[in-house]
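Working notes, structure below.
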Amino acid sequence: QVQLVESGGGLVQAGGSLRLSCACSGRTFSSYHMGWFRQAPGKEREFVAAISWSGGGTYYADSVKGRFTISRDNAKNTVTLQMNSLKPEDTAVYYCNALRDYYSDDVENVLDPWGQGTLVTVSS
């Protein structure tokens, strides 16, 4: 059974940084593309960033490009999202998931049930 556990969220002032991590178990992590999504209060879940199985390819939503960086450690079965220059509009619950295709922003492009997510709150 696949398990996704996100961590690293918290409260940060605008302009600050946070580093999110996602630990994946129950699948051969290194064989799958991975992605981050987020859901703000009262809004639908949206794509944030994706990384190919090897780590050689990445894809970002326009809203985070240049501020967020996705990376992975296949030896530790983790995927990380480094978030810099945070804005109040980045406030959301952040989720990770395995992907069918890393070069897609479709929230249906996921393979597993959603985890609990980790809450990021950016104050102005």
Do Cys96 and Cys24 have their SG atoms less than 2.5 Å apart? no
Can you confirm whether Trp114 is buried at CH2, in the sense that more than 12 heavy atoms of other residues, nucleotides or ligands lie under 6.0 Å from that atom?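 Yes, CH2 of Trp114 has more than 12 neighbouring heavy atoms, counting only those of other groups under 6.0 Å.
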Tell me if the CD atom of Glu89 is crowded by more than 12 foreign heavy atoms within 6.0 Å. yes
Report yes or no: does [X] contribute a side-chain atom to a donor-acceptor pair with the main-chain N or O of [Y] at less than 3.5 Å?
X: Arg72; Y: Phe29; answer: yes
X: Gln39; Y: Tyr94; answer: no
X: Ser85; Y: Gly15; answer: no
X: Asn109; Y: Asp101; answer: yes
X: Thr118; Y: Gly9; answer: yes
X: Arg45; Y: Val93; answer: no
X: Thr28; Y: Ser30; answer: no
X: Asn97; Y: Phe37; answer: no
X: His33; Y: Leu99; answer: no

Just checking, any donor-acceptor pair under 3.5 angstrom between side chains of Asp73 and Thr78? no
Consider only side-chain N and O atoms of Tyr95 and Arg38, and report whether a donor and an acceptor are under 3.5 Å apart. no
Does the pair Asp90/Lys87 count as a salt bridge with the N-to-O cut at 4.0 Å?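 Between Lys87 and Asp90 there is no salt bridge, as every charged N stays at least 4.0 Å from the carboxylate O atoms.
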Hey, would you say the Tyr59 and Phe47 ring centroids sit under 6.0 Å apart?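 Under 6.0 Å, so yes.
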side-chain contact (heavy atoms from CB on, under 4.5 Å) between Thr58 and Phe68, worked out: CA-CA 11 Å; Thr58 56; Phe68 291 9; over 6 Å; no
Determine, stepwise, if the pair Trp36 / Ile70 fulfils side-chain contact (heavy atoms from CB on, under 4.5 Å). CA-CA 8 Å; Trp36 284 95; Ile70 188 171; 3.6 Å; yes
Pairwise side-chain contact, [X] with [Y], heavy-atom cut-off 4.5 Å (strictly under):
X: Tyr32; Y: Leu111; value: yes
X: Thr91; Y: Val120; value: no
X: Ser17; Y: Gln82; value: yes

Let me check something: do Leu81 and Leu86 share a hydrophobic cluster, defined by ILVMFWY side-chain heavy atoms less than 4.5 Å apart, either directly or through other members?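 They do share one cluster, since a chain of ILVMFWY contacts under 4.5 Å joins Leu81 to Leu86.
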Shared hydrophobic cluster, Val64 / Val12 (ILVMFWY, side-chain heavy atoms < 4.5 Å):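 Yes, Val64 connects to Val12 through the hydrophobic network.
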